[in-house]
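Reviewing the structure listed below.
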There are 2 protein chains.
Amino acid sequence: MSGISVTPTPAEDSLDQQASVYEMIREDIISGRLGPNERLKIADLAEHYRTSTNPVREALQQLRGEGFVLMEPNRGARVRPIDEAFVRDIIEIEMLIEPALTRWFVSIVNDADIVALEAAQAEIEALNYADPARHGELDTRFHQLIYDRHYNRHAAELWWKHREILRAISRRFPTSLSRKVAVLREHRELIERIRAQDADGAAAVVARHVEGSGRHTIEQMGVAKRNGPQKRPV
Amino acid sequence: MSGISVTPTPAEDSLDQQASVYEMIREDIISGRLGPNERLKIADLAEHYRTSTNPVREALQQLRGEGFVLMEPNRGARVRPIDEAFVRDIIEIEMLIEPALTRWFVSIVNDADIVALEAAQAEIEALNYADPARHGELDTRFHQLIYDRHYNRHAAELWWKHREILRAISRRFPTSLSRKVAVLREHRELIERIRAQDADGAAAVVARHVEGSGRHTIEQMGVAKRNGPQKRPV
DNA sequence: CTCGTTCAAATAATGTATGATCCGACCGTT
DNA sequence: AACGGTCGGATCATACATTATTTGAACGAG
């Protein structure tokens, strides 16, 4: 997704000394510092993030495009609730798109691609979840090897946008042991199916992978909620 | 799609004495007045549309979110080429999403829904393409009856966004007689399958409907291009 | 003389500041 | 309940400051 018109890459997220207003607001929405349905007043946000109103307005437009904020004309913006339904909605769409992208990848894959996939997977296994954020990056890169080649830029961008959202959300929760194991297994299985030129099989694995990841996130969200929602005011 | 966070409804498009900057820029991109890859300079646009730079900036952010413009940091925006590939990309995604939405609709449909669909279809047939823009509205409403009920708001919004884009693009081209006939036939067929609780059948009809509509648009774009691309500078 | 490098002016994006205007929510009166 | 006034806040208009990129001319090495 190199470069144009897309959300900053993962690496920048943490390194950037000063993140953009956009990133900060998004982070605050995902982390819950800005609560569900909370009104987002331009002036307040500008003050809070120490900028002028202009960058705030633009950030809100962007966030609206990505589904993080809802806007009504002349009435301003509010935080879209990041709840289980939100994740489920995205996952359902991904369960349609990712298998389709994967299918196509199988039809054009070459040896170098397989090598790259295996290298990425090896790196993931070597890390073995020692650093969750880093794992997120590697995992994203793994799938990116598959999707970024697709001729349908729109679909690839859509995947990327959804991926960013899901990665940001799951960052808040721990990964269960069983899920960790499943992820590695499914990745290996996926590589196998791709190598074997089994488009249907690969698509099925991906569908399962996406669904499993979504289900896991949703479950973790439920756990966190039952353990007491600790929204602190911004 | 009632209200929040969405592009203005079709009706407003034509009625609004003065459309927003966002709408005007979008219109100029779709209609080709702003050519592919043309640079979009904030100051120029502000002057051209007789507004200040502020609304222009926001409009560009919005358009970026919808895929009409591409932006690079510190280098500004340019027009995303609205070509056959662009339409094809969107259509491919819709061919995944719309059947899925339709399938779910079949499982929850009631008598009132059928009646509403038939009424909408009757209106379309009564109009019989006499007014293309009006037809576009009615056709959109027909499908909206099916998709707007879905619990997956994200998917429904995505459909709506794509729908708006496609409708805007096809407004530039005439509809062939055969396509007109096919649309009416497919709509009737779709209602039948839904009434018969045939989810697979309905999904198949929709897939065909979307593909046919996309193919037709792409063909018309090709024709228009061969007849000489008449891009006039803004 | 040609090519690549360096640097400075021009260009334009991005951020700040401030005031005007308009819309919608709220509130009290009739 | 209907009306009108008040107020918060979004939206728009300007003007200006800052920062990044591009361009092209001057310059030096080969």
Side-chain angles (χ1 to χ4, degrees), chain A residues 2-9 12 15-29 34-35 37-65 68-80 233-234, chain B residues 2-9 12 15-29 34-35 37-65 68-80 233-234:
Chain A
S2 29
I4 289 179
S5 152
V6 194
T7 318
T9 64
E12 291 166 324
L15 296 180
D16 257 357
Q17 270 301 336
Q18 46 189 17
S20 67
V21 188
Y22 158 78
E23 285 162 40
M24 290 190 294
I25 296 180
R26 196 184 70 155
E27 182 59 32
D28 285 346
I29 290 175
L34 289 165
N37 292 312
E38 187 166 328
R39 270 201 72 186
L40 297 170
K41 303 179 197 178
I42 311 262
D44 290 0
L45 293 174
E47 188 192 12
H48 183 259
Y49 296 110
R50 309 305 190 84
T51 77
S52 59
T53 58
N54 224 328
V56 172
R57 295 187 60 85
E58 277 159 42
L60 290 181
Q61 293 287 359
Q62 233 175 305
L63 289 164
R64 151 165 121 162
F68 282 108
V69 314
L70 303 170
M71 294 182 66
E72 288 173 278
N74 285 317
R75 311 236 297 96
R78 54 197 177 81
V79 176
R80 174 161 191 166
V234 51
Chain B
S2 30
I4 288 179
S5 152
V6 195
T7 317
T9 65
E12 291 166 326
L15 296 180
D16 257 358
Q17 271 300 336
Q18 45 189 19
S20 68
V21 188
Y22 157 78
E23 286 162 41
M24 290 190 294
I25 296 180
R26 195 184 69 155
E27 182 59 34
D28 284 346
I29 290 175
L34 290 166
N37 292 312
E38 186 166 329
R39 272 201 70 184
L40 298 169
K41 301 182 197 176
I42 311 248
D44 291 359
L45 293 174
E47 188 192 13
H48 183 258
Y49 297 109
R50 308 304 191 84
T51 79
S52 63
T53 58
N54 235 333
V56 173
R57 289 193 203 177
E58 276 161 49
L60 290 181
Q61 292 287 356
Q62 229 174 308
L63 290 163
R64 153 165 117 164
F68 282 108
V69 313
L70 303 172
M71 294 182 64
E72 288 173 277
N74 288 315
R75 313 239 293 94
R78 51 195 179 84
V79 176
R80 175 165 189 160
V234 50

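In what follows, every chain begins at residue 1, and chains take the letters A, B, ... in the order their sequences are listed.
Residues passing the salt bridge (charged side-chain N to carboxylate O under 4.0 Å, His left out) test with B:Arg75, sequence neighbours excluded: B:Glu72. With sequence neighbours left out, the side chain to side chain donor-acceptor pair (under 3.5 Å) criterion links A:Arg80 to no other residue. Checked against side chain to side chain contact (heavy atoms under 4.5 Å, CB included), A:Asn54 has the following partners two or more places apart in sequence or in another chain: A:Ser52, A:Glu58, B:Asn54, B:Arg57.
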Legend entry - CA sep, side-chain torsions, deciding dist, call: B:Val79, B:Leu70, side-chain contact (heavy atoms from CB on, under 4.5 Å): CA-CA 6 Å; B:Val79 176; B:Leu70 303 172; over 6 Å; no
request  = For side-chain hydrogen bond (donor to acceptor under 3.5 Å, both in side chains), just list the numbers for A:Asp44 and A:Tyr49, CA-CA rounded to whole Å, side-chain angles, deciding distance to a tenth of an Å, and then say yes or no.
outcome  = CA-CA 9 Å; A:Asp44 290 0; A:Tyr49 296 110; over 6 Å; no
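Nearest heavy atom pair, residue B:Leu40 against residue B:Arg78, reads CD1-C, 4.0 Å. Nearest heavy atom pair, residue A:Pro55 against residue A:Val21, reads CB-CG2, 4.0 Å. A pairwise comparison of heavy atoms in A:Ile42 and A:Thr53 identifies CG2-CB, 3.7 Å as the closest pair.
Taking atom CD of B:Glu58 as the reference point, atom P of D:dA13 lies 11 Å away to the nearest angstrom. Nucleotide D:dT11 holds its P atom 13 Å from the CG atom of A:Asn54, rounded to whole Å.
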Return the polar atom pairs (N/O with N/O) between nucleotides 5-10 of chain D and the protein under 3.5 Å, or none.
| unit_1 | atom_1 | unit_2 | atom_2 | d |
| --- | --- | --- | --- | --- |
| D:dG9 | OP1 | A:Lys41 | NZ | 2.5 |
| D:dA10 | OP2 | A:Ile42 | N | 3.4 |

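Between A:Tyr22 and A:Leu63 there is a side-chain heavy-atom pair separated by less than 4.5 Å. Within the 4.5 Å cutoff, side-chain heavy atoms of B:Gln61 are placed close to those of B:Met71.
Using a 4.0 Å heavy-atom cutoff across all strands shown, B:Thr51 reaches sugar-phosphate atoms only and no base atom.
Over its length, the helix from C:dC1-D:dG30 to C:dT30-D:dA1 turns its helix axis by 20°, as judged from the five terminal pairs at each end, rounded to 10°.
With a heavy-atom cut-off of 4.0 Å to chain B, the contacted part of DNA chain C has its first and last nucleotide at C:dA12 to C:dG15.
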